[in-house]
Amino acid sequence: MEKSRAVQDVHGAWDAIEELDRLRETFSYPTDGAVVKLDSIPGQREAGATAKAPRWAIAYKFETEQCETRLLAIVRQVGRTGAVTPVAHLEPVVVAGTTVSRATLHNEDDILRKDLRVGDAVIVEKAGEIIPQVIRYLPEKRPENTEPYLFPKTCPECDTALTRAEGEVVWRCPSHSCPAQARGRIEHFASRGCMDVENLGEAVVAQLVATGKVKDVGDLYALDKENLLELEGFADKSAENLVSALEQSKGQELWRLINGLGIKHVGAAASKDLAREMGSIQAIADAPEEELVAIDGIGEIMAQSIGAFFAGEDHRELMARLEGHGLRVAEE
């Protein structure tokens with residue numbers, strides 16, 4: 001079947017979509033839908049577009065493939081913001097072309113709403129053909145003597161009592177020294193969308209945190225070749241490469257540093273807005289909320305989050321250390 005087809009009406013479009021749905025399993029790549037476009041340049045101009053999408057095209061999503069498997073365990077992961085997320089460990093099953101053995105369970109409320117229990121036969125699918133998730137359990141196949149899942153209220157990494165803000169569904173670890181949060185913050189800081197530090201992957205970060213060589217992103221720039229040679233898997237060349245990559249990252253654009261700090265609600269787009277309008281980390285840290293809200297793309301909640309971040313003495317101290325290490329903290 002050709003991958004594009006001109007049709008005369010909605011019936012022809014639907015026939016093409018159904019045929020594509022039947023044949024997509026034979027493709028060498030995954031696909032989750034078809035796009036219907038108006039085949040007329042004047043018509044496209046007349047229809048126009050919103051800020052996010054054209055009005056002359058629409059995507060049709062195919063029905064998601066669902067498979068049965070068994071829920072073996074529920075474990076909890078701690079992210080860089082302290083959010084504790086339950087994850088299902090499953091009997092491996094092939095879903096939409098790949099083997100799935102883990103799936104997100106979102107939060108405690110989601111588990112209770114679906115009444116998921118360890119040992120259940122469950123139905124899983126890939127949201128958007130990408131992210132595995134558990135849809136429901138099969139009552140007729142539930143083993144006897146299963147018990148409702150009780151979400152532990154202590155951090156699985158540091159055993160700190162968890163907190164849950166009013167109006168939120170997520171439990172969080174409030175300890176800033178939690179090893180899992182430290183790993184997450186450093187991985188985020190070094191990622192391609194932030195400071196883009198090559199050779200600083202999850203395994204290396206885990207060793208640096210576990211050995212106490214790095215507690216936060218500021219400690220990265222105090223590392224030298226000798227520090228790294230003490231870690232498993234490092235030789236002269238690999239240690240030199242990482243030190244060099246860290247040195248090169250000092251000259252990254254200001255917005256990348258802002259994004260790398262992991263300020264709640266502040267992503268790449270907002271980081272670019274802040275860098276463009278404020279020009280330096282110091283100006284952002286000192287700005288009152290009303291000045292931040294006046295920036296196009298910065299809302300009230302985001303401004304409050306920025307203010308709270310820089311109000312912390314530990315974050316101010318971190319900024320001073322990064323500047324002392326020679327990082328670019330202002331636009332040239």
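Under a cutoff of 6.0 Å and an axis angle of 45°, R256 and F189 do not form a cation-pi pair. For the pair R117 and Y137, the cation-pi test (distance below 6.0 Å, angle within 45°) is failed. For the pair K37 and W56, the NZ or CZ position fails the cation-pi test of under 6.0 Å to the six-membered ring centre and within 45 degrees of the ring normal.
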Start with the C-alpha gap between R70 and V122, add the side-chain angles, then the distance that decides, and say whether side chain to side chain contact (heavy atoms under 4.5 Å, CB included) holds.
CA-CA 6 Å; R70 190 163 297 280; V122 295; over 6 Å; no

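Put simply, the side chain of T69 gets close to the backbone of E91: a donor and an acceptor are under 3.5 Å apart. A donor-acceptor pair is defined here as one N or O able to donate and one able to accept, closer than 3.5 Å; no such pair exists between the side chain of D110 and the backbone of N107. In this structure a side-chain-to-backbone donor-acceptor pair under 3.5 Å is present from K250 to H325.
A salt bridge links R5 to E19: at least one charged side-chain nitrogen sits closer than 4.0 Å to a carboxylate oxygen. Note on D115 versus R142: salt bridge recorded, some NZ/NE/NH1/NH2 to OD/OE distance being below 4.0 Å. Using a cut-off of 4.0 Å between Lys/Arg side-chain N and Asp/Glu carboxylate O, K225 and E230 are scored as not salt-bridged. Taking 4.0 Å as the cut-off between side-chain N and carboxylate O, E317 and R321 count as a salt-bridged pair.
Smallest separation of non-hydrogen atoms from K215 and D219: N-OD2, 2.7 Å.
Atom CD of E300 sits about 11.5 Å away from atom NE2 of H265, to the nearest 0.5 Å. Note that CD of E18 is 12.0 Å distant from CG of L23, once rounded to the nearest 0.5 Å.
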